[in-house]
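Scope of the values below: all heavy atoms of this structure, side chains included, with no hydrogens, waters or symmetry mates. In what follows, every chain begins at residue 1, and chains take the letters A, B, ... in the order their sequences are listed.
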Protein chains: 2
Amino acid sequence: MARAGLTTERLVRAGAELADEVGFDQVTVSAVARRFDVKVASLYSHLRNSQDLKTRIALLALAELADRAAEALAGRSGKDALGAFAHVYRDYARAHPGRYAAARHPLDAETAAGSAGVRIAQLTRAILRGYDLTEPDQTHAVRLLGSVFHGYVSLETAGGFSHSAPDSQESWTRILDALDSLLRNWPAQP
Amino acid sequence: MARAGLTTERLVRAGAELADEVGFDQVTVSAVARRFDVKVASLYSHLRNSQDLKTRIALLALAELADRAAEALAGRSGKDALGAFAHVYRDYARAHPGRYAAARHPLDAETAAGSAGVRIAQLTRAILRGYDLTEPDQTHAVRLLGSVFHGYVSLETAGGFSHSAPDSQESWTRILDALDSLLRNWPAQP
DNA sequence: CCATTTGCCTAAAACCCTTAGGAAAATGCA
DNA sequence: TGCATTTTCCTAAGGGTTTTAGGCAAATGG
């Protein structure tokens, strides 16, 4: 019987595609097996279990996002960098909703520490080099940016802003203007 | 055989408690049935299906959140209102992580339109009455606040800010200061 | 007090997860 | 090349969740 050539890599990539097509929480070991026309049990030599598959998809998504962000940020600073990063983030979520959901999948502390998530955090911090913030305000700002990007994209993906004026793109642009303004005029401790 | 006294209401409340204890996506029709010491099939006279259960838990959570927000906002305005709303939001998520996750559960358009989610959006808009914003900036600001609150709480719940200085409470406070400042100095269209 | 409605049950089919053990294909070393 | 080893995929099987169909007994109400 000819072999299918399964690999952890290929399985994870297939899982990521599946996530984009049917949603991250519809990604199942069985569905991936079907996609390779292979029996379910066969996947268990390449994956520890169902949770392992999801974690790996999450790591893939984080790495892809970090790569794109890094490329977008190269050679930019200040508002330019802020806009580029935001654009990548939102675009990725819209083009790959399943992968984006995967990237939000909770990871245990050590897995998270070894993930591309830390690279994303570093890139976020790098954006702030174009603004005049010192610790601890820089960290607060990193957290604010992370919250806005994640929050906005997540609400938008859930359909929160559809079918209502003004359209989402306009809000996104104006919110970035506002954040830029805020970072340039960060309030002192009251 | 004595009856268990099942009700859609009771099932949904039990599901919400279960969500807080073991996580929203571990909430299962079977688990709720076990909690009432009843056979699974019995629940299907009170719930259409598994998705129905989750949707109802989501609606319950949204309603609870809206109630608390409304109470917190009564008699407050400006930064006071902003802080009160934010406090309720974050507190609810920390005290009821499963319900909070449920509140983020995607709803189809009509269900969402009939949910307490619109009340929450109205309350968010009410906060902005204390600031000098006109349309469409007011809508942009509503979306920004929604994004920050949801994003921050969601990242925090996922463990994003734990084990790193400064602590999360401090960032939360300073981010609210920053938002207040931003709303008072909302930038004009460039 | 009996008829009807309601509530919970048993049964069963379909799907997913996971482990154990086997057979064939690929690999590698003599 | 030939044979032992490893790898890959399979069958088998146990256990869990979802959902529908049909039945009996408890509550309700005229």
Please assess B/E17 against B/R13 for the test salt bridge (charged side-chain N to carboxylate O under 4.0 Å, His left out), listing each intermediate value before the final yes or no. CA-CA 6 Å; B/E17 288 166 19; B/R13 269 206 302 276; 5.6 Å; no
Value in whole Å for how far the C1' atom of D/dT7 lies from CZ of A/R10: 16 Å
For A/Y131, all residues meeting ring pair (Phe, Tyr, Trp, His ring centres under 6.0 Å), sequence neighbours excluded: none
With A/H96, which residues qualify under ring pair (Phe, Tyr, Trp, His ring centres under 6.0 Å), at least two apart? A/Y92
D/dA27 P sits how many Å from B/L6 CG, rounded? 14 Å
What pairs with B/S45 under side chain to side chain contact (heavy atoms under 4.5 Å, CB included), at least two apart in sequence or on another chain? none
For DNA chain D, which residues in residues 36-53 of chain A have a heavy atom at a distance below 4.0 Å? A/V38, A/K39, A/A41, A/S42, A/S45, A/H46
Nucleic acid contacts - residues 21-29 of chain B versus DNA chain D, non-hydrogen atoms under 4.0 Å: B/T28, B/V29
Centres of the A/Y152 and A/Y89 rings: under 6.0 Å? no
A quick test of your reading: do over 12 heavy atoms of other residues, nucleotides or ligands sit less than 6.0 Å from CD of A/E21? yes
I need the B/L155 CG to B/F161 CZ distance, nearest 0.5 Å. 4.5 Å
Cluster partners of B/V40, using ILVMFWY side-chain heavy atoms under 4.5 angstrom, listed by chain and number? B/L6, B/L11, B/V12, B/L18, B/V22, B/F24, B/V27, B/V29, B/V32, B/F36, B/V38, B/L43, B/Y44, B/L47, B/L53, B/I57, B/L60
Contact class for B/A31 vs. all strands (heavy atom < 4.0 Å): base, sugar-phosphate, or nothing? nothing
